[in-house]
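Values below: every heavy atom of this structure, side chains too, minus hydrogens, waters and symmetry copies.
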Amino acid sequence: MLENTKINTFVALGDFLRQFSLDNNQRNPEIQNNATFFDSFEALLELSQSHNGWFTKEQVYFAVNSWAEALTEENLTTWLSNYGFSEKETKRVGLILAGNIPLVGFHDFLAVLLSGHHALVKTSSNDQHLIKFLANYLIAVEPELKNRITFTDGKLENFDAVIATGSNNTARYFEYYFKNKPSIIRKNRNSIAILNGNETHEDLVNLGEDIFRYFGLGCRNVSKLFVPKGYNFEFFFKAIYEYQDVIHYEKYSNNYDYNKAVFLMSNFKLLDNGFLTIKEDTSYSSPISSVFYEFYEDLEALKNRLINENEQIQCIVSNDLVDKSIAFGQTQKPKLWDYADDVDTLKFLNSL
């Protein structure tokens with residue numbers, strides 16, 4: 001498939017997705033294959049929470065809208081311009097996808113198809129409907145893709161390379177099982193924010209988006225704060241108060257009650273605003289409904305520590321306090337060229 005054809009196919013998908021928004025789905029008669037797919041996708045979005053209790057309408061529509069924004073001709077052309085694609089033997093690339101947030105594995109799926117390979121996909125049981133629907137839409141736009149996409153419910157077989165995402169425990173299994181194949185194995189990572197006390201109210205409100213989007217289930221969600229010695233959390237709590245409605249969602253509320261009880265029974269000192277607890281802790285990975293924090297005295301020393309521990313970190317949010325910082329409120333809006341774990345997926349796929 002020619003590169004322009006690939007780009008146009010995914011642009012068509014972006015156009016299709018732009019019809020859907022939480023407030024109002026608007027059918028555009030000019031969109032390809034709407035007669036077949038519009039009503040079915042609208043129904044799927046409505047049913048997503050029945051498939052996965054964490055996939056509320058708000059969260060699923062946010063994911064869909066994020067991909068609609070990403071899949072433009074300009075974005076795809078900019079992304080692919082960094083690579084030299086040439087005709088080569090098609091490889092079967094196994095994809096073991098995570099399911100913690102909606103469409104979390106779609107970037108890998110997209111990269112495999114754009115690189116000209118065959119995607120052999122094993123979805124997570126937590127997110128198995130959305131990506132299959134989008135695959136069917138892509139095939140309707142470009143029928144040649146039917147021979148480039150395979151979904152499997154069983155063990156991966158007959159593949160040349162693999163991209164697998166899981167926990168630290170499953171990663172050890174993946175590394176053993178796939179040791180004789182080219183691979184990208186992703187483990188647990190967490191995102192952090194570095195504050196210096198000069199953040200505006202708007203900055204901290206946006207930080208709440210980085211914490212609460214997808215209920216904090218993603219590796220790009222901020223789960224740890226680094227704050228200067230003596231930092232006053234009053235301003236932080238005041239800013240994130242507008243996210244208070246999260247406590248009305250039963251699954252989140254149950255986690256809040258449970259994790260708070262565990263912390264209190266262990267006599268940990270907590271700060272609590274009724275829907276989020278924050279706890280001083282050296283770990284990067286905090287439970288749902290909680291954020292850990294640490295004090296720092298020397299920013300340069302903190303920078304060095306983060307460099308040494310970079311394999312545990314997905315994103316760093318700050319007002320340019322460290323290199324490659326992400327702006328507040330932007331962690332769940334990655335560009336196509338923002339690779340998970342900072343591993344260039346397309347470069348890997350091009351090398352096969």
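- Judged purely by distance below 3.5 Å, without hydrogens or angles, the side chains of D344 and Y83 pair a donor atom with an acceptor atom.
- F226 has its ring centre no less than 6.0 Å from the ring centre of Y293.
- In this structure, D245 and F212 have side chains that are not in contact, with every pair of non-hydrogen atoms separated by 4.5 Å or more.
- Through ILVMFWY side-chain contacts below 4.5 Å, L47 is grouped with nothing and stands alone.
- Using cut-offs of 30° and 60° for the angle between ring planes, the F16 and F37 rings count as perpendicular.
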Determine, step by step, whether K335 and D338 satisfy the salt bridge (charged side-chain N to carboxylate O under 4.0 Å, His left out) criterion, reporting the C-alpha distance in whole Å, the side-chain angles of both residues, the deciding distance to 0.1 Å, and the verdict. CA-CA 5 Å; K335 304 296 185 185; D338 291 333; over 6 Å; no
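- Put simply, CG on L134 and CG on L13 are 5.5 Å apart, with the number rounded to the nearest 0.5 Å.
- No side-chain N or O of D210 forms a donor-acceptor pair with one of Q332 less than 3.5 Å apart.
- Pairing each heavy atom of Y243 with each of E209, the nearest pair is OH-N, 3.0 Å.
- Looking at K333, R220, Q314 one by one, the single match for side-chain contact (heavy atoms from CB on, under 4.5 Å) with I326 turns out to be R220.
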Kindly determine whether D272 and K260 satisfy salt bridge (charged side-chain N to carboxylate O under 4.0 Å, His left out), including the steps that lead there. CA-CA 9 Å; D272 176 23; K260 180 179 176 180; 2.6 Å; yes
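- Under 3.5 Å, the side chains of Y61 and N25 contain a donor-acceptor pair of N or O atoms.
- Counting only residues at least two apart or on different chains, the salt bridge (charged side-chain N to carboxylate O under 4.0 Å, His left out) pairs with a member in residues 34-47 are R27-D39, E46-K57.
- Hydrophobic clustering, defined by side-chain heavy atoms of Ile, Leu, Val, Met, Phe, Trp and Tyr closer than 4.5 Å, groups V162 together with I96, L120, L156, F159, Y173, F174, Y177, F178, I185.
- The environment of CZ in F295 is crowded: more than 12 heavy-atom neighbours from other residues, nucleotides or ligands sit within 6.0 Å.
- A search for side-chain hydrogen bond (donor to acceptor under 3.5 Å, both in side chains) contacts involving T150 returns H118, not counting sequence neighbours.
- In the hydrophobic clustering, Y176 connects to no other residue, as no ILVMFWY side-chain heavy atoms lie under 4.5 Å from its own.
- Heavy-atom contacts from other residues, nucleotides or ligands closer than 6.0 Å to NZ of K179 number more than 12.
- Looking only at side-chain heavy atoms (C-beta outward), Q59 and R213 come within less than 4.5 Å of each other.
- Both the sub-6.0 Å distance and the 45° axial angle are satisfied by K224 relative to the ring of Y284.
- Checked against the 6.0 Å centroid criterion, the rings of Y231 and F233 qualify as a close aromatic pair.
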Any chance you could lay out the salt bridge (charged side-chain N to carboxylate O under 4.0 Å, His left out) test for D108 and R186, step after step, and finish with the verdict? CA-CA 12 Å; D108 288 336; R186 301 202 183 100; 2.7 Å; yes
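- Judged purely by distance below 3.5 Å, without hydrogens or angles, the side chains of N8 and T5 never pair a donor atom with an acceptor atom.
- In this structure, D320 contributes its side chain and S325 its backbone to no donor-acceptor pair below 3.5 Å.
- When all heavy atoms of I101 and D127 are compared, the closest pair comes out as O-OD2, 3.5 Å.
- By the salt bridge (Lys or Arg N to Asp or Glu O under 4.0 Å) test, D203 is found to be paired with no residue, residues two or more places apart in sequence or in another chain being considered.
- There is no side-chain donor-acceptor pair under 3.5 Å between S81 and T78.
- Taking a 6.0 Å sphere around CG of N28, one finds it holds more than 12 heavy atoms contributed by other residues, nucleotides or ligands.
- T277 and S290 share a donor-acceptor pair across their side chains, judged by distance under 3.5 Å alone.
- Y339 and H107 have their aromatic ring centers within a separation under 6.0 angstrom.
- The aromatic rings of F20 and F41 sit perpendicular to each other, their planes meeting at more than 60°, with 30° as the lower class boundary.
- Between T331 and V317 there is a side-chain heavy-atom pair separated by less than 4.5 Å.
- A side-chain N or O of Q19 and one of N34 form a donor-acceptor pair less than 3.5 Å apart.
- Classified by interplanar angle (parallel below 30°, tilted 30° to 60°, perpendicular above 60°), the ring pair F263/F292 is tilted.
- When side chains are defined from C-beta on, I316 does not count as touching D323, because their heavy atoms never get closer than 4.5 Å.
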